[in-house]
There are 2 protein chains.
Amino acid sequence: MTVGVRHDDLRRRNRAMVLAAVRRLGQLSRTEIAAATELSNSTISAISADLIAEGTLVEAKAPEGVLARRGRPQVALGLNPARASVAVVVLTLNQLWATLVAYDGAVTREETTRLPTLTMGRDALVGAVVDAIEKLASGGQPPARIVLAVQGITDAGGTRMLWSPITPHADIAFGPLLAARFDAPVTVQNDCNMIAVALKWRWPQRYRDDFFAILLSDGIGMGLMQKGQLFTGTHSSGGEFGHMIHRPGGALCRCGRLGCVEAYAGSYAVVRAAAGGGENDAPPADIPEAEIEALADRARAVDGPERAAFMRAGEAIGYGLGSLFALFDPAPVAVVGPGALAFDMLEQPIREAIAQTAGGQHSGAISFATEPDEMPLIREGSAMTALTALDEEISAPVAAASARREVA
Amino acid sequence: MTVGVRHDDLRRRNRAMVLAAVRRLGQLSRTEIAAATELSNSTISAISADLIAEGTLVEAKAPEGVLARRGRPQVALGLNPARASVAVVVLTLNQLWATLVAYDGAVTREETTRLPTLTMGRDALVGAVVDAIEKLASGGQPPARIVLAVQGITDAGGTRMLWSPITPHADIAFGPLLAARFDAPVTVQNDCNMIAVALKWRWPQRYRDDFFAILLSDGIGMGLMQKGQLFTGTHSSGGEFGHMIHRPGGALCRCGRLGCVEAYAGSYAVVRAAAGGGENDAPPADIPEAEIEALADRARAVDGPERAAFMRAGEAIGYGLGSLFALFDPAPVAVVGPGALAFDMLEQPIREAIAQTAGGQHSGAISFATEPDEMPLIREGSAMTALTALDEEISAPVAAASARREVA
DNA sequence: GCCCATTTTTTCGAGCCTCGAAAAAATTAA
DNA sequence: TTAATTTTTTCGAGGCTCGAAAAAATGGGC
């Protein structure tokens, strides 16, 4: 049950700390690493020598146009891009985005493929992912890790996609299938969780330990950072904000249930409501983005059913956030995805709704930021997820590394 | 930012592991501790010698009627009750429960005081807590730690009570006040969180890493264990399940807002609804338990407004749980407090409501257990919270301990 | 009763790891 | 060219854990 700390763990952890510092802060001298990790210079000297010998870190040549001070110049250490590479695949409705990322985080190769995800067979879908990764890796070193980001629900272990709106097929074990094919660890991740990870990397001062990332798109998703950790469910990717119940017995949701937040705030729900249809009408599928923008323009111009639809969407999101704040406490919110383009209409009803809830006590202090383009975030978050996992893996084999060094 | 692991941490952590193993599993021989912690016998020998020399552990004399095997008999180590004691104070409506607990977890002294919490002044309330602890500690060693459990919201740091239904006074800094008076660390904890802690200690196989403890009383509270850790908000004790919004603009809650779960499921809400009053009537205060039992009996006997009130309560709880499950995934639920006595009427509407939600996918697998008496759990959870914090504190001073040993 | 088998616990030396201090290295300023 | 300065490495000390061996403490069998 409770497991003691062995002696080898110490080195492993400190190696991990060094890698984490370099990954987060970029090129750092040994002295700077010592300051960041609070380890002694001698320890950093030893660890970085190991990491350089292994090819994990490299000494940067140019000290950059840094003003030359007196004394021995610092030599910056950086992640060795050639150390390994990771593959990121993002699967969305009718599209597949594949990216190869070097160990230092630089994007090496990118491919985008269109494919009919809603009508494809299960095996064809898996095959498409395999093909994409194969194409990425062709001619280069095989990826050391693979992250597949999907809309929908994944399992907490990251081995399978349990359900996704992009395909009628449920419970696809992408993890084992890809791992067997490419002989590398694979994790399947929820797209919104990757957005949250990316926000933290990209704007660490704004999105530090606690924040909500709400994806407003066809569906409604959420990624949540709590106490510096990505929040996940106990069995699944969790955080299904869009399927919290806003109005019991209310509007028909794409998931088949009634009254979910998404059934009011998903773009299909807005389109349905604006069209004046009953809230239990089957939701329209695959709405072109242009249609929604036209709807938003109309809503801004005229106080008609379109505007009412956006107001109802904002209200649903606001009440949902209020319940969320009752559980997690208020924190900054990032509104991501196409829906962010209509946030000017959503903000007021959202704030009004939150003010009606327990989370509204400090409603003035709740800050919203918008980011309409979600794809770069999903890819960046996935890449960082893969790379930090790789860092952990690289930190482990102390025995192997020191043995190799002795031989040399 | 990222901080490396120093060498001293190693011993400290392993000492903590040893204490945790003995606390969780009871009297253990050195060999058993080694097995539980996965540390070597030699390490356990060294650590336990230190802990015994400090007076933290003691060798148990009687090997109990354990069947005598061949070989050197194991000598069990246990927590030394005289090592320290902790004080637990539970503040509820009109009552104060104080308990002194020895280091091994045995209850040494208990006191219960009645007091008019709703009408008392702020200082009088603090004074009552001080008096209770003074009385507990009189004649013995001063408590090494104090835990104060209260209904309502506390801050995440455990220093203050932000809001409680038992008093009109908000934001009382019990922590600093008591700490200054008794020269010991103090934490202020939410009662439902303490229930969750207690459930985990008392039935570790049933309530392991993930479960919900729902307190059904005058108000509705929740304690939540997620991934083995007590869930708390980022700024407050969090998990205000009772104030998630069940029906936007719905029934008037004790908190002043409309449509909270508690406004349907708190006992005041059930009484109000059963009495046929409007759902926006001011909620009745301080309902005697007998009245509620009579209401429940009536509801069981006749299909009238009383039964409808319980059904509506169950529905609110069920929808709330459904939203909770959408975020955290389904997990076992413990229904604690007086409301558990009416759970026979609540279960069906709860299950029906959950089945209407995203969390209902596995609604058959969701298990409920009831525990009508919440006070023993609150006290036990508070005591274990104090004692495990003390264990951590005791694990730290390695340098001091070994220095002392050298002198001897 | 005595000796042996058996199991627990302690002791001891080896191997790592981190740290502080001192030495070495690599510059700029004078 | 030398002195000052800053970074990095080296070296020895001190801790910690571990495995193996020794010591301790008991029951079983003759």
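In what follows, chains are A, B, ... by sequence order, proteins preceding strands, each numbered from 1. FYI, side chains are in, hydrogens and waters are out, and symmetry mates aren't considered; it's all heavy atoms of this structure. Since the model is a prediction, treat every value here as computed from it, not as a measurement.
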Novice: Of all the choices, C:dC19, C:dT18, D:dT8, which nucleotide is nearest to the side chain of A:V75 once you look at every atom?
Specialist: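 Closest nucleotide among those given: D:dT8.
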
Novice: So, for B:F328 and A:F328, is the gap between ring centers shorter than 6.0 Å?
Specialist: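 Ring-ring flag for B:F328/A:F328: true, centres closer than 6.0 Å.
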
Novice: List for me each residue that meets salt bridge (charged side-chain N to carboxylate O under 4.0 Å, His left out) alongside A:R70, sequence neighbours excluded, and say none if there are none.
Specialist: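 Result, salt bridge (charged side-chain N to carboxylate O under 4.0 Å, His left out) vs A:R70: none returned.
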
Novice: Between atom CZ in B:R13 and atom P in D:dT17, what is the gap in whole Å?
Specialist: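 So the two atoms are 12 Å apart, to the nearest Å.
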
Novice: Rounded to the nearest angstrom, tell me the gap between atom CD1 in A:I52 and atom C1' in D:dT9.
Specialist: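 Spelled out: CD1 on A:I52 to C1' on D:dT9 is 12 Å.
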
Novice: Could you tell me the separation between the CZ atom of B:R15 and the P atom of D:dT17, rounded to a whole number of Å?
Specialist: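 Distance check: B:R15 CZ to D:dT17 P gives 11 Å.
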
Novice: Counting only side-chain heavy atoms from C-beta out, which of D:dT7, D:dT17, C:dT18 sits nearest to A:T31?
Specialist: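 Looking only at side-chain atoms, A:T31 lies closest to D:dT7.
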
Novice: Just to verify, what does B:D104 make a side chain to side chain contact (heavy atoms under 4.5 Å, CB included) with, not counting sequence neighbours?
Specialist: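 If we apply the side chain to side chain contact (heavy atoms under 4.5 Å, CB included) test to B:D104, skipping adjacent residues, the hits are B:L79, B:P81, B:A102, B:A106.
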
Novice: Using a 3.5 Å distance criterion without hydrogens, assess whether the side chain of A:D329 forms a donor-acceptor pair with backbone atoms of B:H235.
Specialist: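 Yes: the side chain of A:D329 pairs with the backbone of B:H235.
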
Novice: Mapping B:A46 and A:I44 onto DNA chain D by nearest heavy atom, which one lands closer to the 5' end?
Specialist: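 Looking at DNA chain D, the more 5' nearest nucleotide goes with A:I44.
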
Novice: Starting at CD of A:E59 and ending at P of C:dA25, how long is that distance when rounded to a whole Å?
Specialist: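 Interatomic distance, CD of A:E59 to P of C:dA25: 15 Å.
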
Novice: Report the distance from atom CD of B:Q74 to atom P of C:dT6, rounded to the nearest whole Å.
Specialist: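 In whole Å, C:dT6 P lies 17 Å from B:Q74 CD.
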
Novice: Between C:dC16 and A:R11, is there an OP1 or OP2 to side-chain N/O distance shorter than 4.0 Å?
Specialist: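 Result: no.
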
Novice: Quick one, B:K200 with B:E380, criterion salt bridge (charged side-chain N to carboxylate O under 4.0 Å, His left out). Give me CA distance, side-chain angles, the key distance, then yes/no.
Specialist: CA-CA 11 Å; B:K200 183 170 168 149; B:E380 192 173 322; over 6 Å; no

Novice: Can a side chain N or O of B:T43 be found less than 4.0 Å away from OP1 or OP2 on D:dC18?
Specialist: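 Indeed, a polar side-chain atom of B:T43 lies that close.
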
Novice: Please enumerate all residues that pass salt bridge (charged side-chain N to carboxylate O under 4.0 Å, His left out) together with B:D391, with sequence neighbours excluded.
Specialist: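 Expected list: B:R23.
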
Novice: Taking salt bridge (charged side-chain N to carboxylate O under 4.0 Å, His left out) as the test, write out the residues that go with B:R109, two or more places apart.
Specialist: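 Salt bridge (charged side-chain N to carboxylate O under 4.0 Å, His left out) list for B:R109, sorted by chain: empty.
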
Novice: Kindly calculate the angle separating the two end axes of the helix from C:dG1-D:dC30 to C:dA30-D:dT1, each obtained from five base pairs, and round it to 10 degrees.
Specialist: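 For the helix from C:dG1-D:dC30 to C:dA30-D:dT1, the axes at either end differ by 20°.
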
Novice: Using a 3.5 Å distance criterion without hydrogens, assess whether the side chain of B:T37 forms a donor-acceptor pair with backbone atoms of B:I33.
Specialist: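 Answer holds: yes.
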
Novice: How close do A:A386 and A:V147 get, heavy atom to heavy atom, and via which atoms?
Specialist: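 Scanning both residues completely, I find the closest heavy atoms to be CB-CG2, 3.6 Å.
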
Novice: Could you give the CG-to-C1' distance, from B:L77 to C:dT8, as a whole number of Å?
Specialist: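 Atom-to-atom, B:L77 to C:dT8, this comes out as 12 Å.
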
Novice: May I have the distance from B:D9 (atom CG) to C:dC17 (atom P), rounded to whole angstrom?
Specialist: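 In whole Å, C:dC17 P lies 16 Å from B:D9 CG.
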
Novice: If a protein heavy atom is under 4.0 Å from the base, mark B; if only from the sugar-phosphate, S; if neither, -; do that for nucleotides 22-30 of chain D going 5' to 3'.
Specialist: --BBBBS--

Novice: Of the listed nucleotides (C:dT9, D:dG19, D:dT10), which one gets closest to any side-chain atom of B:N41?
Specialist: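 So the side chain of B:N41 is nearest to C:dT9.
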
Novice: Among D:dT17, D:dT8, C:dC17, which is the nearest nucleotide to the side chain of B:N14?
Specialist: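 Selected nucleotide (nearest to the side chain): D:dT17.
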
Novice: Rounded off to whole Å, could you give me the CG-to-P distance for the A:L39 and D:dT8 pair?
Specialist: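 To the nearest whole Å, that distance equals 15 Å.
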
Novice: If you check every side-chain atom of A:R30, which of D:dT17, D:dT9, C:dC17 has the closest atom?
Specialist: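 The closest nucleotide is D:dT9.
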
Novice: Under the criterion salt bridge (charged side-chain N to carboxylate O under 4.0 Å, His left out), I'd like the reasoning laid out for A:R15 against A:E392: C-alpha separation, chi angles, the key distance, then a yes or no.
Specialist: CA-CA 9 Å; A:R15 282 166 59 99; A:E392 284 296 324; over 6 Å; no

